[in-house]
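Along the sequence shown, the residues carry numbers beginning at 1.
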Amino acid sequence: MRNLTMMTDLYQLTMMNGYFLRKKARETAVFDVFFRQKDTINYAVFAGLDQAIDYIKNLHFSDEDIEYLRSLGVFHPQFLDYLANFSFTGDMYSVCEGDIVYPQEPIIVIKAPLVEAQLIETALLNIISHQTLIATKSARIVAAAKGRSVVEFGLRRAQGPDAGIYGARAAVIGGCTGTSNVLTGQMFDIPVKGTHSHSWVMSFDSELDAFRAFADVYPDTCLLLVDTYDTVRGIKNAITVFNELREKGHKPLGIRLDSGDLAYLSKVARKMLDEAGFTDAVVMASGDIDEYLLQSLGSQGAKIDMYGVGTKLITSEDTPSLGCVYKLSAIERNGKLLPRMKISDSIVKVTNPGLKTLYRIYDKDTGMAFADLIALADEKIDKPLVLTHETERWKTTTLDDYIIRPMLHKIFENGKNVYAGPALSDIVKFAETEKSKFWDEYRRIDNPQIYKVNLSDGLYELKHSILRRHGHI
């Protein structure tokens, strides 16, 4: 477990120093983590909680840390003395890893002394934003693959070791069936996949020699990369080697395409393999693949059984940032939590005040997700439940019979970790189950149906009372 306490922005520490000197350090504060709407992301798959828990459990300043901060010359000596015994003593609530979440929803809620809550902002956003982003990109790619297996191949293109390790873990939460990353496989018990590269083929005098050598070493898991020189000739050479394997009692796995017209070449490969009697041999494709290319390949009738997806998944190339934010929503005054709210000319930057919780509402007959409800933590939810659009108040839905699931779970209580996170395999199963409870229309790549995210009556009234107080309505 690494100590990432110093992985923070300087202004978090300067604010902490100021809170300490102004006697505000122990005031209870509430902060929400959420993400804002993006054109390319209409939903997200939450990931990163496991690492976030480890980060908070290990919060402490070493002697070396404090001496470094002292050398900056901007912190009061008494504040630095205070840091010597620093730890997290607050509460943390979170949705589950694998949960589908939507813009503006509180996916993590921190209730802690102000000085502690302020420190953890940067690291929490770093951990949660990245892993949720990659899990989301993975989910989109897997959805576009239409049931064909997707393996994460992105380590060499990831933006640093942690991005490769934890990005691969997040990709599996999003739906990938394995990874090429051996360290991630070792750390999290994830299936690791891989065959050979072009350099293997080029290291031999001929492609056929290279294929025979690989088949000799791996007779029962032989999957050959066929596009080093000429793809069609490579398929013929692979079939030659497959015939030799079959004569020896072995069953080849298949071929991999890594370049060229994947739709056309996959059809050629499938036809050639079938005619040679290798109807069970898989055709795998890799390269610069994303959900949009997968949609195109599907529309062209490509004969591809599985995909290895690298750069565009592990970097989320088209959307490099999720846009997670961490906003103060309540502050203690005289023993009472008072709501706080950021007001902006941009409606997307107006926050929801108060200590809140999050519910998912399912249709009782179909079991499918119907809407989410952001409510005040102490607000009672009654039947019938009337859902009202936040801005278009004439849009209402009344539900008499429904299933409601609280989505925020207590992770830390008074600084103690009270949540035993499930194994990654169980997270993956949970994620798949939850995805199956959303109609395809909500998760389609282009022009998705808008999923209902409503504010409770109590939260709506609180929000608008603050807007009225500040003269905005």
Side-chain angles (χ1 to χ4, degrees), residues 31-38 40-56 92-110 120-121 123-143 152 163 166-176 188 190 313-314 316 319 321-327 352 356-362 369 371-374 405-412 417 419-438 442-443 448 451 453:
F31 284 84
D32 301 333
V33 175
F34 59 94
F35 72 98
R36 294 176 173 142
Q37 183 75 49
K38 283 183 173 286
T40 53
I41 294 180
N42 62 299
Y43 73 93
V45 178
F46 180 73
L49 177 61
D50 190 61
Q51 192 186 8
I53 291 172
D54 284 346
Y55 158 70
I56 292 177
M92 173 179 168
Y93 303 81
S94 176
V95 300
C96 297
E97 286 198 278
D99 250 327
I100 288 181
V101 291
Y102 286 87
Q104 308 301 323
E105 294 184 340
I107 54 180
I108 289 179
V109 173
I110 300 295
I120 64 177
E121 173 182 2
L124 273 187
L125 292 182
N126 176 280
I127 293 166
I128 299 300
S129 293
H130 172 253
Q131 294 186 43
T132 300
L133 177 69
I134 303 306
T136 304
K137 185 65 172 179
S138 172
R140 289 167 60 87
I141 289 171
V142 169
E152 185 277 317
Y166 295 103
R169 178 184 183 274
V172 171
I173 293 174
C176 285
F188 303 111
I190 295 171
L313 191 166
I314 204 65
S316 187
T319 308
S321 171
L322 181 63
C324 270
V325 294
Y326 184 90
K327 295 298 180 184
N352 291 315
K356 298 174 293 297
T357 193
L358 178 65
Y359 299 101
R360 178 148 294 154
I361 299 157
Y362 302 87
D372 287 1
L373 183 68
I374 309 172
R405 174 169 73 93
M407 294 183 65
L408 288 172
H409 304 274
K410 184 170 280 188
I411 310 300
F412 285 88
N417 179 209
Y419 175 80
L424 182 59
S425 58
D426 292 326
I427 294 171
V428 170
K429 291 175 186 175
F430 171 76
E432 285 302 308
T433 299
E434 283 308 301
K435 279 192 286 186
S436 72
K437 294 178 181 178
F438 283 80
Y442 291 126
R443 298 192 296 116
Y451 181 74
V453 177

So, taking the atom named [atom1] in [X] and the one named [atom2] in [Y], what distance separates them when rounded to the nearest 0.5 Å?
| X | Y | atom1 | atom2 | result |
| --- | --- | --- | --- | --- |
| M407 | E434 | CE | CD | 7.0 Å |
| I108 | L49 | CD1 | CG | 6.5 Å |
| N126 | C324 | CG | SG | 11.0 Å |
| L408 | C96 | CG | SG | 9.5 Å |

Minimum heavy-atom separation for [X] to [Y], with atom names?
| X | Y | value |
| --- | --- | --- |
| T132 | V45 | CG2-O, 3.2 Å |
| L358 | P106 | CD2-O, 3.9 Å |
| G48 | E97 | N-OE2, 2.6 Å |
| L125 | V33 | CD2-CG1, 4.1 Å |
| A369 | R360 | CB-CD, 4.2 Å |
| I120 | I110 | CD1-CD1, 3.9 Å |

Residue pairs fulfilling salt bridge (Lys or Arg N to Asp or Glu O under 4.0 Å) with at least one residue in residues 45-55, sequence neighbours excluded: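 Sorted result for residues 45-55: empty, none.
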
Does the side chain of [Y] come within less than 4.5 Å of [X]'s, by heavy atoms?
| X | Y | result |
| --- | --- | --- |
| I41 | L133 | yes |
| Q51 | Y166 | yes |
| I128 | F46 | yes |
| V172 | E152 | no |
| E105 | D372 | yes |
| R169 | L424 | yes |

Counting only N and O atoms by type, is there a donor-acceptor contact under 3.5 Å from the side chain of [X] to the main-chain atoms of [Y]?
| X | Y | answer |
| --- | --- | --- |
| S138 | I134 | no |
| T136 | A44 | no |
| N417 | I411 | yes |
| K435 | G174 | yes |

Pairing residues for T40 by the side-chain hydrogen bond (donor to acceptor under 3.5 Å, both in side chains) criterion, not counting sequence neighbours: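 Partners of T40 by the side-chain hydrogen bond (donor to acceptor under 3.5 Å, both in side chains) criterion, ordered by chain and then number, come out as T319.
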
cation_pi(R443, F438) dist<6.0 Å, angle<=45: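 Verdict for F438: no cation-pi partner in R443.
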
Validation row, ring centre Y451 to ring centre Y102 under 6.0 Å: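 Between Y102 and Y451, which both carry aromatic rings, the centre distance is below 6.0 Å.
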
Worked verdict on R140 versus N42 for side chain to side chain contact (heavy atoms under 4.5 Å, CB included): CA-CA 11 Å; R140 289 167 60 87; N42 62 299; 4.2 Å; yes

K410, NZ atom: more than 12 neighbouring heavy atoms under 6.0 Å: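 Enclosed.
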
